[in-house]
2 protein chains.
Amino acid sequence: MPGKQAASAEETANAGRIRRGQVLHIVESAERAFAEAGFAGTTMTRLAEAAGLPKANLHYYFGTKEKLYRAVLENILTLWLDDMAPIVPERAPAEALGAYIRAKMGHSRARPHASKVFANEILHGAPHLRGFLTHELRRRVAEKTRVIEHWIAGGRMAQVDPVHLFFAIWAMTQTYADFDVQMRAVLGCAALGTAEYDAGEQTVLRLVLHGCGLETNDTNEGEQGRCRS
Amino acid sequence: MPGKQAASAEETANAGRIRRGQVLHIVESAERAFAEAGFAGTTMTRLAEAAGLPKANLHYYFGTKEKLYRAVLENILTLWLDDMAPIVPERAPAEALGAYIRAKMGHSRARPHASKVFANEILHGAPHLRGFLTHELRRRVAEKTRVIEHWIAGGRMAQVDPVHLFFAIWAMTQTYADFDVQMRAVLGCAALGTAEYDAGEQTVLRLVLHGCGLETNDTNEGEQGRCRS
DNA sequence: AAAGAAGTTGACCAAACAGTCAATTTCTTC
DNA sequence: GAAGAAATTGACTGTTTGGTCAACTTCTTT
């Protein structure tokens, strides 16, 4: 028998093991379901099916549909803010903005459902995200705005409104997750693949960097990145 | 007494007068309601309240909630395609793209509800717009893509992927209608006014035109277009 | 002004909904 | 392995939903 300290540490590590696992599993499957139909359009029965569990089990862990939805949202929010990390005054503007755009495009591709849930929430007035928008996000944008104003004051990039620049970057990158159906229809392909994401990233990089009066290290000329079909 | 022909013409003009008026009124008020909560989140009772009519009256004119929703969508679609009219080979690229961007920004400001209903529909897989996306929109984009390729071939603008350029313009302009809550929170203002729309338009114009290697006739330097509060 | 067509509406209904609960099983601890 | 805690689940419930309908009013035509 292990000593009491060891057992206690093991206990606390073990305690709620099932709970943590189930909560994570339900939140992840719910993200996909909410992305497909929005909060109002997703039924508890559908969420239960998505998780492969009986409805009552979801209520056991989350109480209400709204609390489950909030858990999904909170799981997503950190992603948004953390992407902005590359934007620091020490880095060169082109490099920092480029890294930010690449990170955002990467998230659109890796976590399209998260982006859609977020977009849906904002679209309908952000009733569950007011605090996040007016505090965390606003603060973070103000902080990064100062970095960009510092670059502009130092003559390192053109005079662009930093806040509207962020709006533009968010819009252009997130649209690859949120409006993928429209893109697939226009491009005539079944799914957005590496070719489409690369072409999109090149375009966004080009617009932002040239728009800010910065150089692009654009080596691949002829590439157009359409889909084959 | 007017002659039979005159009376008949008057009749046909008059026939369905009430119907046309009510249908238009219901569709317009429903656009706002659907924009606020999406298709699933909007109840027939809410739609009836928005129109100031009893629920049964809406069913008299549209039959089902879905048919009313489709009527709202169809009312919106023409807007999207018509905006692309300025893009013709005869015009200078900067002028044509500038006019297009201004038209799209104007619609975001004038018809934000229409934009939100459209965005919500695409976000959830466009179940009612598949045909529009894969036929009308696709054809129109292909047509305008040829114009841009013509400009590029003539050395009149930089080599930018035309389709992804459209995606970028759509995203940047529509975000001013769709994500207004986020913008208001970040900017700290109660509503997006002329100052914010002007700053946004300047930013979008700058990114697109510089991104395409075109000149901007940017005369207003110091303007930053924040809100006062 | 008669008569039919068009429009209006309160009361009603079956289905779907989020949420509850008690009975049961599985896990953890000693 | 006993006993309690945590997790699971089928059956149930009150409410809300989209949609119907028959009675009624207003409009249009002759």
Side-chain angles (χ1 to χ4, degrees), chain A residues 1-27 29-30 33-34 36-72 127-128, chain B residues 1-27 29-30 33-34 36-72 127-128:
Chain A
M1 187 200 283
K4 202 177 180 184
Q5 271 94 20
S8 178
E10 202 176 295
E11 273 164 34
T12 46
N14 201 38
R17 180 177 47 84
I18 293 175
R19 183 171 208 93
R20 272 194 304 276
Q22 292 287 59
V23 163
L24 187 69
H25 167 67
I26 294 168
V27 165
S29 58
F34 279 129
E36 281 167 8
F39 175 75
T42 309
T43 66
M44 284 301 290
T45 304
R46 175 76 195 82
L47 289 164
E49 277 170 14
L53 292 168
K55 198 164 60 104
N57 199 287
L58 273 62
H59 277 105
Y60 171 72
Y61 282 112
F62 294 93
T64 68
K65 178 183 166 185
E66 191 171 342
K67 282 179 187 165
L68 169 53
Y69 178 68
R70 294 185 99 101
V72 171
H128 306 90
Chain B
M1 189 200 282
K4 202 179 179 184
Q5 271 94 20
S8 178
E10 201 176 295
E11 273 163 36
T12 47
N14 201 38
R17 180 176 46 84
I18 293 175
R19 183 172 206 93
R20 271 194 305 276
Q22 292 288 60
V23 163
L24 187 69
H25 167 67
I26 294 169
V27 165
S29 59
F34 278 129
E36 281 167 8
F39 176 75
T42 309
T43 66
M44 285 301 291
T45 305
R46 175 76 195 83
L47 289 164
E49 277 171 12
L53 292 168
K55 199 163 60 100
N57 197 281
L58 273 62
H59 276 105
Y60 171 71
Y61 282 112
F62 294 93
T64 69
K65 179 184 167 186
E66 191 170 341
K67 283 180 187 165
L68 170 52
Y69 178 69
R70 293 186 100 101
V72 171
H128 305 91

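Here is how names work: the chains are called A, B, and so on, in the same order as the sequence lines, proteins then strands, and each is numbered from 1.
The distance from atom CG of L47(A) to atom CZ of F34(A), rounded to the nearest 0.5 Å, is 4.5 Å. For the atom pair CZ of R17(B) and CD of Q22(B), the computed distance is 10.5 Å after rounding to the nearest 0.5 Å. Residue K65(B) holds its NZ atom at 8.0 Å from CE of M44(B), rounded to the nearest 0.5 Å. One finds the NE2 atom of H128(A) at 12.0 Å from the NZ atom of K67(A) (value rounded to the nearest 0.5 Å). Considering OG1 of T43(B) and CD of E49(B), their distance stands at 7.0 Å, rounded to 0.5 Å. Rounding to the nearest 0.5 Å gives a distance of 4.5 Å between CG of L58(B) and CD1 of I26(B).
Across the protein-nucleic acid pair, L47(B) atom CG and dG19(D) atom C1' stand 14 Å apart, rounded to whole Å. Rounded to an integer number of Å, the gap from N57(A) CG to dA6(D) P is 15 Å. Atom CG of L58(A) is separated from atom P of dG10(D) by 13 Å (rounded to the nearest Å). Taking atom CD1 on I18(B) and atom P on dC27(D), their separation rounds to 6 Å, with Å as the unit. dA6(D) atom P lies 19 Å from atom CG of L53(A), rounded to whole Å.
You'll find that the side chain of P54(B) is closest to dT9(C), out of dG7(C), dT8(C), dT9(C). For R17(B), taking side-chain heavy atoms from C-beta onward, the closest of the listed nucleotides dG7(C), dC27(D), dC27(C) is dC27(D).
Residue A40(A) comes nearest to G41(B) through the heavy atom pair CB-CA, 3.4 Å, listed as atom of the first residue, atom of the second, then distance.
OP1 or OP2 of dT8(D) lies within a sub-4.0 Å distance of a side-chain N or O belonging to Q22(A). Considering only side-chain N and O atoms, R19(B) lies under 4.0 angstrom from the phosphate OP1 or OP2 of dG7(C). An OP1 or OP2 oxygen of dT8(D) is reached within less than 4.0 angstrom by no side-chain nitrogen or oxygen of Y60(A).
Contact annotation: the side chain of F62(A) never approaches that of R70(A) to less than 4.5 Å [non-hydrogen atoms, C-beta and beyond].
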Quick test: give all pairs of protein nitrogen or oxygen and nucleotides 16-22 of chain C nitrogen or oxygen below 3.5 Å, distance rounded to 0.1 Å.
{"residue": "dA18(C)", "atom": "OP1", "partner": "M44(A)", "partner atom": "N", "Å": "3.4"}
{"residue": "dA18(C)", "atom": "OP1", "partner": "K65(A)", "partner atom": "NZ", "Å": "3.2"}
{"residue": "dA18(C)", "atom": "OP2", "partner": "M44(A)", "partner atom": "N", "Å": "2.9"}
{"residue": "dA18(C)", "atom": "N7", "partner": "K55(A)", "partner atom": "NZ", "Å": "3.4"}
{"residue": "dG19(C)", "atom": "OP2", "partner": "K65(A)", "partner atom": "N", "Å": "2.7"}
{"residue": "dG19(C)", "atom": "N7", "partner": "K55(A)", "partner atom": "NZ", "Å": "3.0"}
{"residue": "dG19(C)", "atom": "O6", "partner": "K55(A)", "partner atom": "NZ", "Å": "2.5"}

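When the C1' atoms of four end pairs are superposed on the next four at each end of the helix from dA1(C)-dT30(D) to dC30(C)-dG1(D), using five pairs per end, the two resulting axes differ in direction by 30°, to 10°.
With Y60(B) as the aromatic partner, R19(B) meets the cation-pi criteria of under 6.0 angstrom to the ring centre and within 45 degrees of the ring axis.
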